[in-house]
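Remember, it's a predicted structure, so these values are computed and weren't measured experimentally.
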Amino acid sequence: MSEANWYVVHTYSGYENKVKVDIEKTIENRNLHDQILEVTVPMQDVVEVKNGVRKQVQKKMFPGYVLINMVMNDETWYVVRNTRGVTGFVGPGSKPVPLSEEEMRPLGIRSSEIALDYEVGDAVTVISGAWEGTVGNISAINQSKQSVTINVDMFGRETPVELNFTEVKKM
């Protein structure tokens, strides 16, 4: 399988969050978790002064654009390109161009490598989501997807469940 890269998608202005939610729903429905890893609308903190009152708000860094970390193939291109509100990928013609690490660094988007204190075989507790409160042992760690796989007892059988790093806590 090829490597995931960050791509820029152009959207109708004001539709950035709607596009993000729609793509995330499609990822869930089509089970594309391993191909489309993250969808983000880069935000920045800005101080506004209205009527003499200072207020810190979040503004979109790039109105009209959404960043997607994905493995580019015909299926993922089709899913993203045909999402309502998307006008296309950024790049010459219909060929999307991935962003380089140097281009990603100033955006504050972390590299996919995260230092983990988990190892295969560690006992963990699920702290959020549908499996909250479930205890299991890690059977696999996927750094690129930022997920762990644990085995849970479901209907008397051990069933593998994939969870994000943020959904589990070491016991």
Side-chain angles (χ1 to χ4, degrees), residues 1-46 58-120 124 126-131 138-150 160-170:
M1 181 178 277
S2 46
E3 188 178 322
N5 290 303
W6 284 96
Y7 294 90
V8 181
V9 175
H10 188 260
T11 67
Y12 295 128
S13 190
Y15 277 69
E16 301 89 349
N17 292 323
K18 175 108 176 78
V19 166
K20 177 182 189 287
V21 169
D22 287 350
I23 291 174
E24 288 171 344
K25 283 180 187 171
T26 305
I27 292 168
E28 196 71 37
N29 293 339
R30 291 190 176 200
N31 199 18
L32 295 172
H33 301 283
D34 56 339
Q35 295 177 44
I36 301 177
L37 308 177
E38 187 175 353
V39 182
T40 185
V41 178
M43 304 291 270
Q44 65 183 351
D45 290 326
V46 177
Q58 285 205 318
K59 295 246 183 195
K60 295 177 183 95
M61 289 175 83
F62 308 109
Y65 294 94
V66 174
L67 299 177
I68 301 179
N69 188 10
M70 63 187 249
V71 175
M72 183 59 69
N73 59 37
D74 289 343
E75 184 180 14
T76 57
W77 180 90
Y78 181 84
V79 163
V80 173
R81 182 65 186 87
N82 290 298
T83 300
R84 185 184 308 266
V86 171
T87 59
F89 282 93
V90 172
S94 63
K95 182 168 179 7
V97 177
L99 293 174
S100 66
E101 276 296 318
E102 293 77 40
E103 292 169 318
M104 292 303 294
R105 202 169 296 120
L107 301 179
I109 296 175
R110 68 198 176 285
S111 173
S112 60
E113 289 300 313
I114 295 178
L116 278 184
D117 62 345
Y118 300 135
E119 291 180 16
V120 173
V124 293
V126 181
I127 57 173
S128 67
W131 297 99
I138 296 176
S139 60
I141 299 174
N142 187 332
Q143 281 277 2
S144 65
K145 289 171 56 177
Q146 300 178 359
S147 66
V148 295
T149 302
I150 66 169
V161 175
E162 190 171 349
L163 302 163
N164 291 328
F165 290 161
T166 57
E167 294 179 303
V168 296
K169 163 177 95 169
K170 203 172 186 176

**Student:** Would you mind checking if Glu24 and Lys20 are paired as a salt bridge, meaning a charged N to carboxylate O distance below 4.0 Å?
**Tutor:** yes

**Student:** Give, for atom CE of Met61 and atom CD of Glu16, the distance between the pair rounded to the nearest 0.5 Å.
**Tutor:** 13.5 Å

**Student:** Is the backbone of Thr149 close enough, under 3.5 Å, to the side chain of Ser139 for a donor and an acceptor to pair up by distance?
**Tutor:** yes

**Student:** Got a second to check how far Arg30's CZ is from Tyr78's OH, nearest 0.5 Å?
**Tutor:** 7.0 Å

**Student:** With sequence neighbours excluded, give me every salt bridge (charged side-chain N to carboxylate O under 4.0 Å, His left out) pair touching residues 62-88.
**Tutor:** none

**Student:** Rounded to the nearest 0.5 Å, what separation is found between the CD1 atom of Ile68 and the CG atom of Asn5?
**Tutor:** 13.0 Å

**Student:** Looking at every non-hydrogen atom in both residues, tell me the closest pair between Tyr65 and Thr11 and how far apart they are.
**Tutor:** N-OG1, 4.0 Å

**Student:** Taking Thr87 for the side chain and His10 for the main chain, is one N or O donor matched with an acceptor at less than 3.5 Å?
**Tutor:** yes

**Student:** Just how far is it from atom CG of Asn82 to atom CG of Asp22, taken to the nearest 0.5 Å?
**Tutor:** 12.5 Å

**Student:** Could you give the distance from OG1 (Thr76) to CE (Met70), rounded to the nearest 0.5 Å?
**Tutor:** 3.5 Å

**Student:** Please enumerate all residues that pass side chain to side chain contact (heavy atoms under 4.5 Å, CB included) together with Lys169, with sequence neighbours excluded.
**Tutor:** Ile127

**Student:** I need the single residue from Val71, Val80, Thr26, Asn69 that forms a side chain to side chain contact (heavy atoms under 4.5 Å, CB included) with Ile36. Which is it?
**Tutor:** Val80

